[in-house]
Every structure is written in C-alpha cells, then in structure tokens.
Amino acid sequence: MGALLAEKQGYETSVVYEDVPVAPASFLGGLPGLPLSSFFDTVGFPMQDPRFFRSLTPSILFMGKKWQLAGMPELRSGFSLQERDRWMPEFDRIQETLFPRLFDGMKNEMVRFFRRKGLSGFLETWWNGYLFRRQDRILKQYLSIFPDELSQWKDFLDTVGLFLGLSPDEENPVYKVRALTCLLTAWTCYPEADPLFREVQKAVHRQLSRTAIPWSRTPLLLRQDRKKKTIALSLGKGEDVYDRVLDLSGDLEEKRTLSGWEWTVPSKALPDAWPLQCLLPSAGKDKPAILLQGRQREEEVSFSVAASGPGGSWDVSDVRSILEGLLVATRMESCRLVPREEPVPMIELEESKPSSWRKRSPYLHTRGTLFRMMDPTRLPFLTDDWIRQLFYTLMQR
C-alpha cells in the first residue's frame with residue numbers, strides 16, 4: 001500500500017514486499033480529511049467500505065482501578081447519561097475543548113501533501129506547513145500542562161502509550177491524547193485482513209507488476225553514497241541505484257519491550273458485552289501491562305496479546321498468570337497461548353563509516369535520502385500520526 005501511495009504521489013517505484021497476509025493492527029483514526037482516511041482513499045480502499053473495514057463499538061475496555069469503556073459517543077438504548085459519565089468521564093468536555101485543537105491542524109496539513117503545481121502551489125504549501133507547525137507547538141504546550149478534563153484518563157493514557165510504538169522517553173503527550181480521542185469517539189476499526197489482502201494483491205499486479213518483487217526472506221544489501229546522494233540496493237542481479245529508499249521493515253531500535261502471543265478462547269467463556277479490545281494496566285513493578293485485540297471465529301475468539309512494561313521481555317508464565325484471572329469457570333487447558341513469530345528485518349546496511357540517524361518523529365528516522373519507518377505490522381495500533389509521517393516521506397512530486 002505504501003508503494004501504491006508513492007505511485008499516486010508521482011514517484012517511479014520499485015517495491016520489495018513479503019507476499020503473505022498479516023494480522024493488521026487496530027486502526028485509530030479515519031475521520032474524513034485526516035491522514036488515515038486520506039491514505040486509504042488515495043490508494044483506492046476507502047475506510048467507509050464495509051468489505052475491508054469493520055468499526056469497533058465500543059472500542060476498548062480499560063481494566064484499571066476504575067474500569068472505563070471507550071467508543072460509545074452516542075447513547076444506546078438503556079445507556080443513560082449517568083452511565084456514560086461513569087464509563088466515559090468528561091467526554092463532553094473533551095469533545096468541546098480538545099477535539100478542535102487536536103484535528104484542525106492535521107486537516108490543514110493534508111493540503112500540503114496534495115498541493116497544486118507551480119509557484120502558487122508552493123506558496124500555499126509553505127503557508128499551510130507554517131500554520132500546522134505553529135498549531136502543533138501550541139497543542140504540545142497546552143497538553144503538557146495536562147488539562148482538567150483528562151485527569152480521570154491519566155492511568156489509561158499512561159498504559160495505552162506503551163502500545164503506540166512510542167519510546168519510553170517520549171515526552172510529547174499529543175500522540176497519546178490523539179489515540180484516546182479516536183478510541184473515545186469510535187474512530188476505531190479492524191481491517192478485514194483476507195479480502196483486503198486479495199484486493200491489494202490485484203492492485204499491485206495491475207499497477208506495479210513490472211517493479212514489484214516478492215521478498216525471498218534474505219536481507220537486502222543497501223549501500224548509501226552520501227556525496228552523490230544516491231543509494232545502491234542489491235536485488236539479486238547486480239545493483240540498482242535510487243535517489244531515495246523507504247524501509248518499513250524495522251523497529252527503529254527504540255527501547256521498547258513488546259512481547260506478543262496469540263490467545264484462543266472459547267466464545268462462551270467471554271461475556272456478551274465484552275469488547276474485543278481490552279487494556280490491562282501493570283499490576284506491579286514485575287508485571288507487564290497487557291493489550292488484548294480479538295477476532296471472532298465462529299465458536300472461538302482469537303486474541304492478539306501484547307505485553308509491555310519497563311521490566312523487559314516477558315515469558316509465557318508472566319502473561320498466563322494474568323490471563324487466568326480474566327475468565328470465569330474456564331480451564332486454561334482449553335485456552336491456547338502461542339508465541340508469535342518475530343519478523344525478519346529486510347534491510348542490511350553496508351557502511352564503512354556509520355553515521356547517525358535523525359529522529360523526525362517516534363515513527364520516522366532519516367539519514368539523508370534514506371528513510372526508516374517503524375514496521376506497522378509490529379504496532380498494536382496504527383494511528384493518524386504514523387500515516388502522516390508516511391505522507392511526509394512521500395510528499396507529492
């Protein structure tokens with residue numbers, strides 16, 4: 001899909017991709033005009049198409065000291081105002097005060113990625129970029145004081161931040177608060193992996209058939225010439241030279257400790273009203289926080305399990321002991337907990353004098369014309385903030 005976006009933006013591309021379906025993340029975003037929705041519209045798979053995307057309502061249950069339920073902005077039958085205030089405290093205040101601040105700038109930013117040609121388009125792009133950066137600085141300063149309406153969501157924000165692909169030393173609160181607002185307002189969906197994968201395959205074979213190469217799972221050797229500003233990439237028969245390369249296969253070597261499993265549970269073991277996404281905070285210094293993201297499969301629910309925390313990698317016993325307390329009257333023998341396979345990095349750098357990477361955002365590092373973004377298949381949540389960095393690297397030509 002990244003290659004399809006590059007083609008739409010005016011690039012001549014060669015794409016090396018792993019030709020197997022993956023279980024994609026939960027998508028946080030999708031409001032018209034914002035990056036995530038604009039991305040899928042551009043590559044030809046609109047988020048409004050029910051064949052490819054399924055909305056989550058409610059979106060997530062947080063099992064902290066005070067349980068909170070996100071993703072029910074409209075009152076359902078039998079769901080009172082008092083109950084919404086109990087499960088989604090300060091929702092109305094967040095909607096009135098934070099939403100305009102969070103998203104107006106991002107809508108303006110998308111204009112610069114689809115600019116008009118010529119001098120007028122350049123000036124328009126420069127002005128919109130200035131307005132966005134100014135608004136983003138104001139927003140960061142505003143949220144660093146921690147507004148009153150977010151006080152009851154602090155534990156939730158601290159926990160969900162562990163699963164957004166952010167470095168533990170990330171100080172910008174905007175990424176976590178944007179994720180919270182998407183979860184609160186039900187701008188949350190799962191991709192329907194199989195039909196979406198089949199349609200993307202068709203689009204790739206139709207539009208990129210001459211330049212699309214399935215990956216052999218052998219790391220590709222990449223050599224960067226910083227003087228000539230070119231990058232040589234070995235694709236099997238000799239080297240091809242490119243003016244820029246985007247690597248989406250790594251983890252940016254951030255200090256994140258994220259372990260993952262697949263947990264299969266009988267459907268009857270779960271309450272009917274239990275959301276398919278559940279977030280459990282850490283129960284102590286030696287216990288991980290856990291995120292469950294489920295898919296319904298007839299008589300079973302398959303959960304993607306992610307464990308994260310400051311203590312390091314977690315083994316299966318740490319996670320199993322926590323999960324055992326969630327289900328009532330169900331033996332753990334009937335629940336299967338299987339570790340997920342670690343992905344193999346696609347790129348191997350050949351360099352005699354290693355140089356440092358420049359961190360543009362938590363999701364993007366650059367080194368000249370070499371761009372490295374965090375592998376989205378390793379992220380439990382794919383957000384507007386990740387997608388906007390993809391547009392940044394592939395600005396329209």
Side-chain angles (χ1 to χ4, degrees), residues 20-28 30 45 47 49-64 67-72 76-79 87 160 163 183 186-201 258-281 283 288-308 314-343 377-382:
V20 293
V22 296
S26 171
F27 289 1
L28 301 185
F45 304 98
M47 297 191 75
D49 193 326
R51 294 177 299 164
F52 304 134
F53 301 99
R54 176 169 56 88
S55 62
L56 294 180
T57 307
S59 55
I60 195 168
L61 174 65
F62 176 60
M63 299 179 177
W67 285 23
Q68 292 168 315
L69 185 66
M72 296 182 66
R76 292 182 173 181
S77 176
F79 196 62
W87 289 103
V160 80
F163 300 98
L183 289 166
W187 299 338
T188 309
C189 70
Y190 274 154
E192 296 289 356
D194 292 334
L196 184 58
F197 177 71
R198 287 194 299 268
E199 292 300 318
V200 171
Q201 271 189 319
L258 191 65
S259 303
W261 296 267
E262 292 291 333
W263 188 42
T264 304
V265 180
S267 298
K268 62 184 180 181
L270 301 175
D272 292 338
W274 198 359
L276 290 181
Q277 287 194 132
C278 302
L279 184 62
L280 289 75
I290 291 180
L291 174 67
L292 301 175
Q293 295 178 307
R295 300 289 205 280
Q296 185 77 41
R297 296 177 180 173
E298 297 181 357
E299 296 183 357
E300 293 183 330
V301 177
S302 178
F303 283 101
S304 173
V305 181
S308 182
W314 308 98
D315 59 40
V316 68
S317 61
D318 295 318
V319 177
R320 183 179 290 273
S321 63
I322 296 173
L323 297 181
E324 283 178 344
L326 294 180
L327 304 181
V328 179
T330 300
R331 294 180 302 174
M332 284 302 292
E333 288 78 8
S334 63
C335 307
R336 301 186 297 276
L337 189 61
V338 181
R340 291 201 299 271
E341 181 182 352
E342 280 294 316
T377 67
R378 302 188 189 188
L379 294 174
F381 297 111
L382 187 66

Item checked: Any residue meeting side chain to side chain contact (heavy atoms under 4.5 Å, CB included) with Phe197, in chain and number order, not counting sequence neighbours -> Asp19, Pro21, Gln201

Next item on the list: Please name all residues satisfying ring-ring contact (aromatic ring centres under 6.0 Å, His included) with Phe163, sequence neighbours left out, ordered by chain then number.
Entry: none

Next item on the list: Could you pull out the closest heavy-atom pair between Pro380 and Ala25, with the gap in Å?
Entry: O-CB, 3.2 Å

Check: Can you name the nearest heavy-atom pair linking Pro281 to Phe62, along with the distance?
Finding: CD-CE1, 3.8 Å

Margin query: Could you report the tightest heavy-atom contact between Tyr190 and Leu276, atom names first, then the distance?
Written below: OH-O, 4.1 Å

Checklist line | Residue that, paired with Leu28, satisfies side-chain contact (heavy atoms from CB on, under 4.5 Å) out of Val160, Leu183, Leu382, Ile60 | finding: Leu183

Next item on the list: Could you pull out all residues at least two apart from Leu69 that satisfy side chain to side chain contact (heavy atoms under 4.5 Å, CB included)?
Entry: Pro58, Leu61, Met72, Trp87, Pro275

Note to self: Please report the interatomic distance CD(Gln293) to CG(Leu279), rounded to the nearest 0.5 Å.
What the structure shows: 9.5 Å

Next item on the list: On the 0 to 90° scale, with breaks at 30° and 60°, tag the Phe52-Phe45 ring pair as parallel, tilted or perpendicular.
Entry: perpendicular

Check: Do you know the tightest heavy-atom contact between Arg295 and Pro191?
Finding: NH2-O, 4.0 Å

Margin query: Arg54: which residues meet the side chain to side chain donor-acceptor pair (under 3.5 Å) condition with it, sequence neighbours left out?
Written below: Glu192

Next item on the list: List the atom of Phe27, the atom of Met47, and the distance in Å for their closest heavy-atom pair.
Entry: CD2-CE, 4.2 Å

Note to self: Which residue is it: Ser304, Ser59, Ser26? I am looking for the one with a side chain to side chain donor-acceptor pair (under 3.5 Å) to Gln277.
What the structure shows: Ser26

Check: Can you tell me how far CH2 of Trp263 sits from CG of Leu292, rounded to the nearest 0.5 angstrom?
Finding: 6.0 Å

Checklist line | Residue pair Leu291 / Ser308, side-chain heavy-atom distance below 4.5 Å | finding: no

